[in-house]
Amino acid sequence: MRKVMSANEAVANAVKLARVGVVGIYPITPQTTVIEKLAEMKAEGEIDADIVRVESEHAAMGVTLGAGAAGVRSFTATGSQGLLYMHEMVWWASGSRVPLVMMVGTRAVGAPWNIWNENTDFMSERDSGWIMAFASNPQEAFDLVLQGFRISEDERVFLPMMVGMDGFILTHMKTNVYLPSQEEVDAFLPPRRQPYVIDPEAPIGMGNIFPPMEYMKLRHSIHSAIQSAESVIKEIGKDYEKISPFNNYRTLNVKYRMEDADYALVLMGAWAGDAMEAIDELREKGINIGMLRIRYLRPWAESEIKELENVKGILVMDRATSLGRGGPLYLEVKATVRNQVKGVVTGLGGVLLNKEDFKRIILKFLKEAKEERSDGVEWYYPAEVEKVELRNPKDVE
């Protein structure tokens, strides 16, 4: 069926349909309505999960990890300061090779205090050993969370997975979402699997001290599992079409008008919609630009990214920053391709961009690319730029 709902509500429905057994909850804007919806479902008898209210985000991951280690399908959600507070336990979850799923409603981190959107919190976990996906609309949020349980629990992976989405812009935006039936989801999502289960009747050690060589081997196994996940994700994405044929999940990332593109814009998240409108208008003026939307940060689909070497120039826009270096997405792309890559950091702390801003940024990049100086990183402030009109498209071809 189709229902009008926000991405937060869509995630709660995915958790319900996945028959999750334990949800560790601690509220933080903008993810709070996810756990509120799950608590409401529990009160009304729609789900059989144990909703465990805890005293902090650190404890929320502790409960979720503990339930997963005991063999129960588990879920939690957080963002911003909560994700930073949870950071230690995020590493414990991956290091323990315990499958679970977490939703991250992205939000700026303090200081100073700010409750609006940016992606730096999510990007700060890219070295922690998790599978990391990022949604661009409520339907994709639902799909990725539901697929996340199967990806996480696949024996070729056995790692936790987080699904990010732009705070407020996506978490609270309502649109049509297609929900498959419980029977369809049961057929798609097999019973939970994991490498080991903590059982009082058969005690095992967990998290004890590893000798240096064994510790390094464990880290290597996580690295290899993340790389192996690329083929698993494609396989599961293809299978997902049987219950929801509306999106293509056969690739990790999403191309838009890249077939004949001379230049490429790379970004991730909900602002892709504005970017696509800007690209359409520039195309009408004879400028062949396309877009690659990053849907999976980990694994990093290097073969897909390397296809960008076929274009004349690459523009990467980050709603996050690695202070002192540039945008994290820019650094990832720069390390993968041989082209000149221009990075733009913008949209931090809730700064909003529209299609006109995207057109300005793209046109400036194209002018620089023509002059062979489209490299490095700059910061873009929408309120402090003069309007740029496209008078002669040939100037930036």
Side-chain angles (χ1 to χ4, degrees), residues 7 10 104 106 117-119 122-123 126 131-145 147-148 162-167 169-171 173 175 230 233-234 237 240 246-283 288-311 313-320 327-334 336-337 339 341-347 353-355 357-359 361-362 365:
V104 178
T106 61
N117 179 53
E118 70 175 76
N119 303 153
F122 180 84
M123 300 297 280
R126 64 191 184 277
I131 307 299
M132 300 178 70
F134 206 91
S136 65
N137 55 58
Q139 181 69 64
E140 200 169 62
F142 173 87
D143 295 341
L144 290 172
V145 168
Q147 291 176 60
M162 66 177 75
V163 178
M165 55 204 72
D166 291 290
I169 297 170
L170 188 54
T171 58
M173 178 182 75
T175 187
E230 181 172 350
I233 290 165
K234 292 176 181 177
Y240 190 72
F246 304 105
N247 285 320
N248 178 5
Y249 291 100
R250 297 190 180 199
T251 58
L252 271 68
N253 304 306
V254 181
K255 294 178 181 178
Y256 182 72
R257 304 195 74 165
M258 284 296 297
E259 296 80 8
D260 61 342
D262 294 322
Y263 300 92
L265 170 64
V266 181
L267 45 67
M268 71 179 199
W271 60 357
D274 295 296
M276 288 189 290
E277 289 188 18
I279 287 170
D280 289 343
E281 293 188 12
L282 291 174
R283 282 273 182 162
N288 288 341
I289 185 164
M291 183 180 74
L292 179 68
R293 176 169 62 84
I294 301 300
R295 187 161 60 193
Y296 277 89
L297 184 65
R298 293 290 184 272
W300 182 251
E302 188 159 331
S303 61
E304 294 182 15
I305 310 301
K306 274 194 148 319
E307 291 179 11
L308 295 173
E309 292 182 338
N310 297 322
V311 301
I314 302 169
L315 171 65
V316 182
M317 291 184 60
D318 273 280
R319 211 172 208 145
L329 204 56
Y330 161 79
L331 296 173
E332 296 276 0
V333 174
K334 183 78 172 173
T336 307
V337 300
N339 316 47
V341 182
K342 173 69 176 295
V344 174
V345 174
T346 187
L353 277 73
N354 56 34
K355 70 176 180 180
D357 292 303
F358 278 97
K359 287 162 65 176
I361 293 168
I362 292 169
F365 158 71

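Note that the structure is predicted; figures quoted are calculated from it, not measured. Sequence positions, counted from 1, serve as the residue numbers for this chain.
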If I compare all heavy atoms of [X] with all of [Y], which pair ends up nearest, and what's the gap?
X	Y	value
Thr251	Asn253	OG1-O, 2.7 Å
Ala261	Val311	O-CG1, 3.6 Å
Ala278	Phe358	CB-CB, 3.7 Å
Arg126	Met132	CA-SD, 3.4 Å
Pro138	Ala10	O-CB, 3.7 Å
Tyr296	Ala133	CE2-CB, 3.6 Å

Do the side chains of [Y] and [X] get nearer than 4.5 Å, heavy atoms only?
X	Y	answer
Met268	Phe122	yes
Glu332	Met123	no
Glu307	Leu292	no
Leu267	Leu315	no
Trp271	Thr346	yes
Tyr249	Leu144	yes
Leu265	Ile361	no

To the nearest 0.5 angstrom, please state how far the [atom1] atom of [X] sits from the [atom2] atom of [Y].
X	Y	atom1	atom2	value
Met291	Met258	CE	CE	10.0 Å
Asn288	Tyr263	CG	OH	10.0 Å
Lys334	Asn339	NZ	CG	9.0 Å
Leu282	Lys355	CG	NZ	10.5 Å
Asp357	Asp274	CG	CG	9.0 Å

Begin from the C-alpha positions of Asn137 and Thr175 and carry the test side-chain contact (heavy atoms from CB on, under 4.5 Å) through to its verdict. CA-CA 8 Å; Asn137 55 58; Thr175 187; 5.6 Å; no
With distance as the sole test, does Thr106 use its side chain to make a donor-acceptor pair with the main-chain N or O of Met165 at under 3.5 Å?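 Yes; judged by distance alone, with no hydrogens or angles, the pair exists.
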So, the side chain of Asn119 versus the backbone of Ala320: is there a donor-acceptor pair under 3.5 Å, distance only? no
side-chain hydrogen bond (donor to acceptor under 3.5 Å, both in side chains) with Gln147: which residues, sequence neighbours excluded?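 None.
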Does Val254 have any side-chain contact (heavy atoms from CB on, under 4.5 Å) partners at least two apart in sequence or in another chain, and if so, which? Arg293, Arg295
Salt bridge Arg257-Asp280, side-chain N to carboxylate O under 4.0 Å: yes
Output, in order, the C-alpha distance, side-chain angles, deciding distance and verdict of side-chain contact (heavy atoms from CB on, under 4.5 Å) for Lys306 and Thr336. CA-CA 7 Å; Lys306 274 194 148 319; Thr336 307; 3.9 Å; yes
Tell me, with the steps shown, if Ile305 and Trp300 meet side-chain contact (heavy atoms from CB on, under 4.5 Å). CA-CA 8 Å; Ile305 310 301; Trp300 182 251; 3.8 Å; yes
Do Arg319 and Asp166 pass the side-chain contact (heavy atoms from CB on, under 4.5 Å) test, and can you show the C-alpha distance, the side-chain angles, and the key distance before you say yes or no? CA-CA 10 Å; Arg319 211 172 208 145; Asp166 291 290; 3.9 Å; yes
Could you list all the salt bridge (Lys or Arg N to Asp or Glu O under 4.0 Å) pairs where at least one residue sits in residues 260-271, not counting sequence neighbours?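 Found Asp260-Arg283.
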